[in-house]
Engineer: 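Input: one structure, supplied below.
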Amino acid sequence: MKKIYVKEEHCLGCHLCETYCAAANSADGKNGERNYLVKAFSRAETPVSRVRIESETADSKGVNFAVQCRHCEVPLCVKGCITGALSVTDGVVSVDDTRCVGCYTCVLTCPYGCIVIPPENGDGATNGKRHIIKKCDLCVSRGATPACVEGCPNGAIVVEERA
Amino acid sequence: MAYVIIGNSAAAVGAIEGIRKIDAETPITVISDENYRAYSRPLISYWLGGKLGGDDKIFYRDADFYEKNKAFPVLGKSVTKINKDAKTVSLSDGAEIVYDKLLVATGSKPFVPPMTGLDKVEKQYTFMDYSSVINIKSALENISGARKILIIGAGLIGLKAAESFYEISRPNDKITVVDMADRILPSILDVSAGQIMQKHLEEKQVAFELGTVVDTFTVNPINGTQMAVLKNGKNIDFDILILAVGVRPNISLVQDIGGAVGRAIKTDKTQLTTIPDVYAAGDCTESFDVSSGTDKVLALLPNAYLQGEAAGVNMACTQLGNGSSVPYENAIPMNAIGFFGLHIITAGSYDGTELLVTEGSKSYKKFFVKDNKLVGYILLGDIERAGIYTSLIREQTPLDTVNFDLLKKNPQLLGFGKDKRKEKLA
């Protein structure tokens with residue numbers, strides 16, 4: 001299956017992938033709103049990115065790379081999920097928002113640190129659903145090319161089939 | 001040909017999913033003395049607290065789970081005995097069910113120590129299963145006005161119960177927690193982290209009586225309410241009593257037929273007990289904890305699922321004589337739990353050199369390092385990306401091969417060398 005891979009040699013540490021991911025996966029992005037990027041970031045709740053950039057230095061001059069769910073063959077997050085909210089469909093690990101209670105057992109078990117807990121003012125902050133974890137689903141739920149891949153200005157994030 | 005599973009919780013579901021990876025056809029019978037399809041035990045406090053988006057969310061798998069997996073639940077019946085020579089199990093209604101491979105996933109039961117006058121307490125409940133919270137909910141609703149709830153046990157179960165009572169509390173409801181230990185959550189927190197969480201719970205009006213036990217349950221002569229007389233001299237009125245002192249593994253079915261048991265059922269790495277064709281998984285078993293190098297009862301859901309899944313794969317492989325068996329390895333104690341928005345993630349054993357990194361009013365971070373390896377950690381407050389620490393323990397990564405100074409500050413893949421990082425992100 002196609003998965004997302006990163007090329008740290010190409011990563012500028014610009015964080016645009018985070019911006020595109022957060023906006024595309026916000027309600028505005030998923031509803032197909034025009035100018036969803038502007039709309040998503042104008043709301044009281046900050047949209048939450050499923051990808052995060054790690055940078056060696058504060059000014060991004062050293063090593064930078066993006067990290068998002070690896071969609072593991074043995075997904076410890078899914079196996080350890082206490083509610084059954086996390087599951088695998090056709091190799092893609094995704095979360096059922098209606099079942100996640102925010103116990104964060106998946107945060108405890110994910111070896112790559114790819115489960116995202118929304119911040120204080122993040123998605124769900126205004127409707128009591130901030131506890132729901134966020135994670136990359138390869139943009140399958142959007143039915144589109146992963147937003148991080150599309151938004152990367154330097155080809156540092158790719159989605160492809162690898163052996 | 002048939003697989004039989006005794007128990008219907010996380011380990012049983014793991015086993016069904018494990019068996020079906022190898023063997024798509026052979027029927028699976030699942031026997032449970034509870035009358036529900038598989039539900040998540042840790043969710044009972046969320047159910048009671050009204051935190052689930054609908055009652056059906058307590059179920060661990062979809063309603064068509066058994067049908068899809070060619071599994072046949074036999075509910076509301078208990079297994080009285082395993083007949084290892086005939087390879088059958090006897091049920092409470094007299095029926096016998098034949099097995100080729102049997103899984104014992106019987107979990108654990110509440111442990112209630114003897115207490116004077118306990119038999120006279122009318123509204124007493126344990127906090128282990130769906131039925132108990134259904135009964136507690138109706139008992140709470142049947143009391144008019146403010147209610148007084150007494151919880152014995154300041155462990156994971158007792159405090160999750162306390163939190164759920166708070167969620168559905170009425171004005172002037174009173175929640176008191178008594179524990180023999182002088183601190184809360186002693187199984188997962190050290191003294192300092194326990195104090196932080198205790199303060200946090202006290203802010204939500206949960207009262208603690210620690211380092212003491214109930215001497216006698218009696219009736220308050222003044223108001224006729226039930227009352228606990230504590231060894232520390234205090235008297236506590238209550239309407240409802242919750243017994244959350246501890247749990248004991250259900251080992252008797254295997255013990256009765258001569259299977260090896262320690263504190264729980266002993267198995268090899270394929271989850272096979274010492275009885276041929278009888279496997280065991282979940283809270284009724286011991287696991288080898290790689291962080292301490294000892295056998296422990298790791299009564300936690302992820303462990304139950306993983307053990308059950310491994311058991312299922314191995315049962316199917318040996319049944320069909322094909323496929324390769326999968327050892328269950330890298331088990332460690334680990335917990336993710338939160339109370340009123342303050343989260344805790346812990347893993348491993350608290351042995352070796354202590355490295356305290358953060359200590360604040362709502363935050364705590366401590367590592368335990370031994371022989372060049374991370375063996376345990378406690379995180380309170382900021383728990384982000386904790387799994388990176390968990391993986392260091394499970395994989396027993398030598399700390400001189402990573403940048404532990406960087407990792408200590410924040411869990412991050414930058415803390416691994418370039419090659420290791422590329423391997424992780426491949």
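Protein chains get the first letters and strands the later ones, always in sequence-line order, with residue 1 at the start of each.
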Engineer: For A:S55, is it the side chain, the backbone, both, or neither that has a heavy atom closer than 4.5 Å to a heavy atom of chain B?
Structural biologist: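 Only the backbone of A:S55 comes within 4.5 Å of chain B.
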Engineer: Taking everything shown except A:E160 itself, do over 12 heavy atoms lie less than 6.0 Å from its CD?
Structural biologist: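 Yes - once you tally the heavy atoms of other residues, nucleotides and ligands closer than 6.0 Å, there are more than 12.
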Engineer: Does a sphere of radius 6.0 Å around OH in A:Y20 hold more than 12 heavy atoms from other residues, nucleotides or ligands, not counting ones at 6.0 Å or beyond?
Structural biologist: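 Atom OH in A:Y20 is not crowded, with 12 or fewer foreign heavy atoms closer than 6.0 Å.
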Engineer: Pick one of side chain, backbone, both or neither for A:C81, based on which atoms fall under 4.5 Å of a heavy atom in chain B.
Structural biologist: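 The backbone, not the side chain.
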Engineer: Most heavy-atom pairs under 4.5 angstrom with chain B, which of A:I115, A:V63, A:V116?
Structural biologist: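 When all of A:I115, A:V63, A:V116 are compared, A:V63 has the most.
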Engineer: Sort out for me which of B:L43, B:T346, B:L425, B:V13 touches chain A most, counting heavy-atom pairs under 4.5 Å.
Structural biologist: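 When all of B:L43, B:T346, B:L425, B:V13 are compared, B:L425 has the most.
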Engineer: To the nearest 0.5 Å, what is the distance between CG on B:L306 and CG on A:L76?
Structural biologist: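 The CG atom of A:L76 is 6.5 Å from CG of B:L306, to the nearest 0.5 Å.
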Engineer: Check each atom of B:F65 against the heavy atoms of chain A and say whether the ones under 4.5 Å are side chain, backbone, both or neither.
Structural biologist: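 Interface part for B:F65: neither.
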Engineer: Can you tell me how far CG of B:N303 sits from NZ of A:K79, rounded to the nearest 0.5 angstrom?
Structural biologist: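 Between atom NZ of A:K79 and atom CG of B:N303 there are 13.5 Å.
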Engineer: Go through B:I388, B:L379, B:L392 and name the one with the most non-hydrogen pairs under 4.5 angstrom from chain A.
Structural biologist: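 With the most close heavy-atom pairs to chain A, the winner is B:I388.
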Engineer: Would you indicate whether A:K129, at its atom NZ, is surrounded by more than 12 heavy atoms from other residues, nucleotides or ligands within a distance under 6.0 Å?
Structural biologist: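 No, NZ of A:K129 has 12 or fewer neighbouring heavy atoms, counting only those of other groups under 6.0 Å.
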Engineer: For B:I345, is it the side chain, the backbone, both or neither that has a heavy atom under 4.5 Å from a heavy atom of chain A?
Structural biologist: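 Contact with chain A: side chain only.
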Engineer: Select one option (side chain, backbone, both, neither) describing which atoms of B:A426 are under 4.5 Å from chain A's heavy atoms.
Structural biologist: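 Contact with chain A: backbone only.
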Engineer: In the structure I gave you, are the side-chain heavy atoms of A:V107 and B:E384 within less than 4.5 Å of one another anywhere?
Structural biologist: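 Answer no - side chains too far apart.
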Engineer: Check whether A:V101 gets within reach of chain B through its side chain, its backbone, both or neither, counting any heavy atom under 4.5 Å.
Structural biologist: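 Both backbone and side chain.
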Engineer: Should the heavy atoms of other residues, nucleotides or ligands under 6.0 Å from CD of A:E9 be counted, would the total exceed 12?
Structural biologist: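 Yes, because the 6.0 Å sphere around CD of A:E9 holds more than 12 heavy atoms from other groups.
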Engineer: Sort B:L406 into side chain, backbone, both or neither according to what part of it lies under 4.5 angstrom from a heavy atom of chain A.
Structural biologist: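 When you check distances to chain A, no heavy atom of B:L406 falls under 4.5 Å.
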Engineer: Tell me, side chain or backbone of B:Y389 under 4.5 Å from chain A's heavy atoms, or both, or neither?
Structural biologist: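 Neither the backbone nor the side chain of B:Y389 comes within 4.5 Å of chain A.
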Engineer: Between the main-chain N or O of B:I58 and the side-chain N or O of A:R99, is there a donor-acceptor pair closer than 3.5 Å?
Structural biologist: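 Looks like no, no N/O pair under 3.5 Å.
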Engineer: Can you measure from OG (A:S87) to CG (B:D62) and round to the nearest 0.5 angstrom?
Structural biologist: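 These two atoms lie 8.5 Å from each other.
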Engineer: Under a 3.5 Å distance rule, please check whether B:T390 uses its side chain to pair with a backbone N or O of A:L108 as donor and acceptor.
Structural biologist: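 Answer holds: yes.
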Engineer: How far apart are the C-alpha atoms of B:Y60 and A:I82, what are their side-chain angles, what is the distance that settles it, and do they pass the side-chain contact (heavy atoms from CB on, under 4.5 Å) test?
Structural biologist: CA-CA 8 Å; B:Y60 186 48; A:I82 70 162; 5.9 Å; no
Engineer: Return yes if a side-chain donor-acceptor contact under 3.5 Å exists between A:T98 and B:K57, otherwise no.
Structural biologist: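 B:K57 and A:T98 do have a side-chain donor-acceptor pair below 3.5 Å.
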Engineer: For B:E17, which atoms come within 4.5 Å of any heavy atom of chain A: side chain, backbone, both, or neither?
Structural biologist: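 No part of B:E17 comes within 4.5 Å of chain A.
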Engineer: Please state whether the side chain, the backbone, both or neither of B:R41 comes within less than 4.5 Å of a heavy atom of chain A.
Structural biologist: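 Answer is neither: B:R41 stays 4.5 Å or more from chain A.
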Engineer: Considering only heavy atoms from C-beta outward, does the side chain of A:Y104 approach that of B:I383 to under 4.5 Å?
Structural biologist: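 Side chain of A:Y104 against side chain of B:I383, heavy atoms only: contact under 4.5 Å found.
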Engineer: Quick check for you: to the nearest 0.5 Å, what is the distance between A:C103 atom SG and B:Y46 atom OH?
Structural biologist: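 Reported to 0.5 Å precision, the distance equals 5.5 Å.
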Engineer: B:K422 vs A:E8, test: salt bridge (charged side-chain N to carboxylate O under 4.0 Å, His left out). Steps then yes/no.
Structural biologist: CA-CA 9 Å; B:K422 290 216 156 180; A:E8 67 177 51; 5.3 Å; no
Engineer: Is it true that, when you exclude A:R162 itself, more than 12 heavy atoms of the residues, nucleotides or ligands shown sit nearer than 6.0 Å to its CZ?
Structural biologist: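 Counting other residues, nucleotides and ligands, CZ of A:R162 exceeds 12 neighbours.
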Engineer: So, B:R385 and A:E54, do they make that salt bridge, N to O below 4.0 Å?
Structural biologist: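 Salt bridge between B:R385 and A:E54, a charged N being under 4.0 Å from a carboxylate O: yes.
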Engineer: For A:R130, is it the side chain, the backbone, both, or neither that has a heavy atom closer than 4.5 Å to a heavy atom of chain B?
Structural biologist: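 Interface part for A:R130: neither.
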Engineer: Step through the shown structure and confirm whether more than 12 heavy atoms of other residues, nucleotides or ligands are within 6.0 Å of NZ on A:K30.
Structural biologist: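 Buried by this count: over 12 neighbours within 6.0 Å.
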Engineer: Taking atom NZ of B:K68 as the centre, does the number of heavy atoms from other residues, nucleotides or ligands within less than 6.0 Å exceed 12?
Structural biologist: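 Not buried by this count: 12 neighbours or fewer within 6.0 Å.
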